[in-house]
Amino acid sequence: MSLVTASWHDKFMAIRSNKAFELSVIAIIIVSALMIGASTYDMDPRWMSVIYVLDTGITIFFLVEIIIRMLAEKYFFNFFKNAWNVFDFLIVSVSLLPIDDSEMVLLARLIRIFRVLRLVSIIPELRVLINSLIIAIPRMGYVLVLMFIIFYIYAAVGSFLFEKINATLWGDISISMLTLFRVSTFEDWTDVMYETMNVYAWSWVYYLTFIFLTTFVFMNMMIGIILDVMQTEHEKMSRETGEGEAGEVHYIKEHTSMIENRLQRIETLLEKSVDSRDK
């Protein structure tokens with residue numbers, strides 16, 4: 001269902017695609033974020049009134065912006081086929097609720113904080129990062145399971161060996177896993193190692209092998225998964241926008257396929273023409 005005529009649709013499309021419009025939206029989101037930060041300080045009531053007026057203006061701006069983007073679609077429901085558009089619509093809609101003068105003032109402030117996340121939906125590069133992270137989560141899950149197994153084994157060994165040295169750090173398997181997490185983040189891990197080395201001189205092997213497996217091997221595996229997904233998402237975005245090497249390859253492939261189809265149709269017509277002459 002189209003809400004506007006073709007001429008108005010073209011005008012809204014031009015506004016939405018305008019770089020100045022996109023930059024203004026980004027600038028307003030940044031201003032909104034700064035205002036949220038400023039409101040956390042103790043300020044003069046007059047300044048708070050100014051912030052309230054500006055916040056109202058920003059809310060109206062976001063409402064107009066989302067309406068323009070909706071009217072720029074050929075069909076109204078096409079707007080909601082994009083998950084990021086749905087996210088923007090929900091953020092803007094909820095921020096319109098009149099709850100500032102009620103007991104839900106805290107909720108109103110929290111909702112306005114989430115308007116900063118609209119930067120992700122506006123900037124394509126940030127969308128690629130978030131999409132890559134979401135897509136990579138299932139693949140990282142297997143690495144996390146393997147990491148948990150390694151943590152569990154090392155925690156059990158550490159609890160058996162080092163419990164008498166320091167029960168606070170190695171008293172049971174759960175505490176031992178927290179200690180190993182501290183070791184994997186390099187938070188004063190040498191103090192933990194030197195304490196056990198006073199009793200077991202070889203215990204350094206325990207820590208170094210654990211750090212090698214968790215910090216270097218598994219973390220690099222996760223980074224590799226994320227980079228692989230990011231590359232795929234960047235290529236996908238390039239194909240959609242027609243930019244970059246992937247976009248050029250997709251353009252050439254698409255037009256080559258069109259040329260092949262046309263040649264095939266011409267060949268079919270020539271064959272029919274020859275057959276009709278023979279008859």
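Everything quoted here is computed from the prediction, not taken from an experiment.
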Residue pair [X] / [Y], side-chain heavy-atom distance below 4.5 Å:
X: Val183; Y: Met193; result: no
X: Leu63; Y: Thr59; result: no
X: Met230; Y: Leu129; result: yes
X: Thr179; Y: Phe162; result: no
X: Leu133; Y: Met140; result: yes
X: Asn220; Y: Ile223; result: yes
X: Met221; Y: Met147; result: no
X: Met70; Y: Asn85; result: no

Can you tell me how far the [atom1] atom of [X] sits from the [atom2] atom of [Y], to the nearest 0.5 Å?
X: Ile135; Y: Ile130; atom1: CD1; atom2: CD1; value: 11.5 Å
X: Leu54; Y: Leu34; atom1: CG; atom2: CG; value: 11.5 Å
X: Thr209; Y: Ile150; atom1: OG1; atom2: CD1; value: 9.5 Å
X: Phe89; Y: Ile67; atom1: CZ; atom2: CD1; value: 9.5 Å
X: Thr232; Y: Asn131; atom1: OG1; atom2: CG; value: 12.0 Å
X: Leu180; Y: Tyr152; atom1: CG; atom2: OH; value: 13.0 Å

Would you name the heavy atoms of [X] and [Y] that are closest together and state the gap between them?
X: Trp204; Y: Met197; answer: CB-SD, 3.9 Å
X: Ser174; Y: Asp172; answer: OG-OD1, 2.6 Å
X: Arg139; Y: Val229; answer: NH1-CG2, 3.3 Å
X: Asp88; Y: Arg118; answer: OD1-NE, 3.3 Å
X: Val192; Y: Leu169; answer: CG2-CD1, 4.1 Å

For Tyr194, I'd like to know if atom OH has over 12 heavy atoms of other residues, nucleotides or ligands within 6.0 Å.
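No - once you tally the heavy atoms of other residues, nucleotides and ligands closer than 6.0 Å, there are 12 at most.
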
In chain order, what residues pass the side-chain contact (heavy atoms from CB on, under 4.5 Å) check against Ile28, with sequence neighbours excluded?
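Only Ile58, Phe61, Phe62 meet the side-chain contact (heavy atoms from CB on, under 4.5 Å) criterion with Ile28.
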
Residue from Phe148, Phe181, Tyr206, Trp170 passing ring-ring contact (aromatic ring centres under 6.0 Å, His included) with Tyr154:
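The residue from Phe148, Phe181, Tyr206, Trp170 that satisfies ring-ring contact (aromatic ring centres under 6.0 Å, His included) with Tyr154 turns out to be Tyr206.
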
Excluding sequence neighbours, so at least two apart, what forms side chain to side chain donor-acceptor pair (under 3.5 Å) with Thr215?
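Partners of Thr215 under the side chain to side chain donor-acceptor pair (under 3.5 Å) test: none.
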
Can you label the angle between the Trp202 ring and the Tyr200 ring as parallel, tilted or perpendicular, going by 30° and 60°?
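If you compare the ring of Trp202 with that of Tyr200, the planes turn out tilted.
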
Please state whether the rings of Phe186 and Trp189 are parallel, tilted or perpendicular, taking 30° and 60° as the class boundaries.
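Aromatic pair Phe186/Trp189 classed perpendicular.
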
For Ala155, is there any backbone N or O sitting under 3.5 Å from a side-chain donor or acceptor partner on Ser159?
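No, Ser159 side chain to Ala155 backbone: no donor-acceptor pair under 3.5 Å.
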
